[in-house]
Amino acid sequence: MSFKVLNSKSAAALDMQLMSDKIGFTIDQLMELAGLSVAQAIYKTYPPTKYKKILIFAGPGNNGGDGLVAARHLKLFGYEPKIYYPKLINKPIYLNLINQLKNFNIEFIKFNDLSINENDINLLINEINESDQLIDSIFGFSFHPPLKTPFDIILKLINESKKPITAVDIPTGWDVDNGPPSDSINEYKPTMLVSLTAPKPCSLKFNGIHYLGGRFISKELSNTWNIDYPIYPGVDQVVKLN
């Protein structure tokens, strides 16, 4: 399926419009819808009957928040999620998500600690090996290279895992408009991408399974921003692009 893309500047502006008084979404609502879309795409592609154990790598911003929301839904969908969350931003939206996850007894194997040593790496490798699939919700379209520690080490371990990997909106480390920025990150190719709101230009260089989650965008708004208004099947929050 061909699709129109939305560059980083336009994506940020569209998010601001969605949260304007005229349209009325809150960041909490958008994050909830994004995380639900990710969870649904995973359920369709990697069902819990075969890919039950999930390790979610959550970054400090909204992309990480999407991963935290997805974890809650995945738990309710029958998965066993664990979360690697090395940097918590002390804002109510993230603190509330943490409390929700704790209420569902979802385990954090790393929480609010950016340090990483040999023991941490060995623990992480063991957790990756025991997982059936991984979720990359580290950085989204506002990311500016280079990757810093521990995220550069984490990405290397994710890429070496050979597990099914779902990237949320943008594969971490990729330039939102240009794709993989270097030889090392160019090797990072998740097996599935869930674009949010609209696909970004870097998705044109992605060859795996591709879903779009953005059912909160009206047809009128799609026309204004010259993006596609796909037909979502039934009650689905995602549509498969390829």
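All residue numbers in this chain count up from 1 along the given sequence. Everything numeric here is computed off the predicted structure, so don't read it as measured data.
For the residue pair Tyr188/Asp136, the side-chain donor-acceptor check at 3.5 Å is satisfied. No hydrogens or angles considered: nothing links the side chains of Asp236 and Tyr211 as a donor-acceptor pair under 3.5 Å. Side-chain N/O atoms of Arg72 and Gln100 include a donor and acceptor closer than 3.5 Å. Remark: the His210 side chain and the Ser203 side chain contain no N/O donor-acceptor pair separated by less than 3.5 Å.
In Lys87, the NZ atom is not crowded: 12 or fewer heavy atoms of neighbouring residues, nucleotides or ligands sit closer than 6.0 Å. Around atom CG of Asn129, more than 12 heavy atoms belonging to other residues, nucleotides or ligands sit under 6.0 Å away.
From Gln133, atom CD reaches atom CD1 of Ile165 across 10.5 Å, with rounding to the nearest 0.5 Å. Summarising the geometry, atom CG belonging to Leu68 is positioned 5.0 Å from atom CD1 belonging to Ile98; distances are rounded to the nearest 0.5 Å. Atom OG of Ser8 sits about 13.0 Å away from atom CZ of Phe143, to the nearest 0.5 Å. Interatomic distance, Phe104 CZ to Asn99 CG, rounded to the nearest 0.5 Å: 12.5 Å. To the nearest 0.5 Å, the span separating NZ on Lys240 from NZ on Lys44 amounts to 10.0 Å. With rounding to the nearest 0.5 Å, the separation of CD1 in Ile138 from OG1 in Thr172 is 4.0 Å.
Here the side chain of Asp228 pairs a donor or acceptor atom with the backbone of Lys4 at under 3.5 angstrom. Side chain of Thr45 to main chain of Ile42: no donor-acceptor pair is present (N/O by atom type, distance under 3.5 Å, no hydrogens or angles). Within the 3.5 Å criterion, the main-chain N or O of Ile135 finds no donor-acceptor partner in the side chain of Thr166. Distance alone, capped at 3.5 Å, is enough to place a donor-acceptor pair between the Lys52 side chain and the Gly78 backbone. Side chain of Asp177 to main chain of Asn7: no donor-acceptor pair is present (N/O by atom type, distance under 3.5 Å, no hydrogens or angles). Although no hydrogens or angles enter the test, the distance criterion places a donor-acceptor pair under 3.5 Å between the side chain of Asn122 and the main chain of Glu118. Side-chain N or O atoms of Ser131 include none that pairs as donor or acceptor with a backbone N or O of Leu134 at under 3.5 Å. Side-chain atoms of Asn63 come within 3.5 Å of backbone N or O of Val168 as a donor-acceptor pair. Between the Ser137 side chain and the Asp66 main chain, no donor and acceptor come within less than 3.5 Å of each other. Side-chain atoms of Gln237 do not come within 3.5 Å of backbone N or O of Gly213 as any donor-acceptor pair.
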(message) Could you go through Asp169 and Lys200, starting from their C-alpha distance and side-chain angles, then the distance that decides it, and tell me whether this counts as side-chain contact (heavy atoms from CB on, under 4.5 Å)?
(response) CA-CA 8 Å; Asp169 203 27; Lys200 314 309 183 292; 2.8 Å; yes

(request) Take Ile170 and Cys202 through the side-chain contact (heavy atoms from CB on, under 4.5 Å) test and state the conclusion after the steps. (result) CA-CA 8 Å; Ile170 305 292; Cys202 69; 3.6 Å; yes

(message) Phe141 vs Asp15, test: side-chain contact (heavy atoms from CB on, under 4.5 Å). Steps then yes/no.
(response) CA-CA 12 Å; Phe141 67 75; Asp15 272 1; 3.6 Å; yes

(request) Apply side-chain contact (heavy atoms from CB on, under 4.5 Å) to Leu95 and Leu88, showing your working. (result) CA-CA 8 Å; Leu95 297 174; Leu88 167 68; 3.8 Å; yes

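A pairwise comparison of heavy atoms in Ala70 and Ala39 identifies O-CB, 4.0 Å as the closest pair. Nearest heavy-atom pair, Val69 versus Gly35, reported as atom, atom and distance to 0.1 Å: CG1-CA, 3.7 Å.
Under a hydrophobic clustering in which Ile, Leu, Val, Met, Phe, Trp and Tyr are joined whenever their side-chain heavy atoms come within less than 4.5 Å, directly or via other members, Leu76 and Tyr51 fall into the same cluster. Both Trp174 and Leu157 are assigned to one and the same hydrophobic cluster, defined by single-linkage of ILVMFWY side chains at heavy-atom distances under 4.5 Å. One hydrophobic cluster, built from ILVMFWY side chains closer than 4.5 Å, cannot hold both Tyr79 and Leu55; they sit in different ones. Under the 4.5 Å side-chain heavy-atom criterion for Ile, Leu, Val, Met, Phe, Trp and Tyr, Trp225 and Ile231 are members of distinct hydrophobic clusters. No continuous path of hydrophobic side-chain contacts links Phe25 to Leu212 [ILVMFWY only; heavy atoms under 4.5 Å].
Salt-bridge formation is not detected for the pair Glu130/Lys163: no Lys NZ or Arg NE/NH1/NH2 atom is positioned less than 4.0 Å from an Asp or Glu carboxylate oxygen. Under a 4.0 Å N-O distance rule, the pair Asp132/Lys50 does not qualify as a salt bridge.
Here His73 and Tyr43 keep their ring centres 6.0 angstrom or further from each other.
By the 4.5 Å heavy-atom criterion applied to side chains, Leu97 and Met31 are counted as neighbours. Side chains of Leu18 and Leu30 form a contact here, defined as non-hydrogen atoms less than 4.5 Å apart. Residues Glu160 and Ile125 have side chains not in contact (no heavy-atom distance under 4.5 Å, counting atoms from C-beta outward). Counting heavy atoms from C-beta outward, Pro201 and Asn178 have side chains that stay 4.5 Å or more apart. Side-chain contact between Ile54 and Ile56: present, with at least one pair of heavy atoms (C-beta onward) separated by less than 4.5 Å. Residues Lys156 and Ser161 have side chains not in contact (no heavy-atom distance under 4.5 Å, counting atoms from C-beta outward). The shortest distance between side-chain heavy atoms of Ser222 and Ile217 falls below 4.5 Å. A 4.5 Å side-chain heavy-atom check between Phe151 and Pro60 finds at least one atom pair inside the cut-off.
Using the six-membered ring where Trp is involved, Phe57 and Tyr84 have ring planes that are tilted, between 30° and 60° apart.
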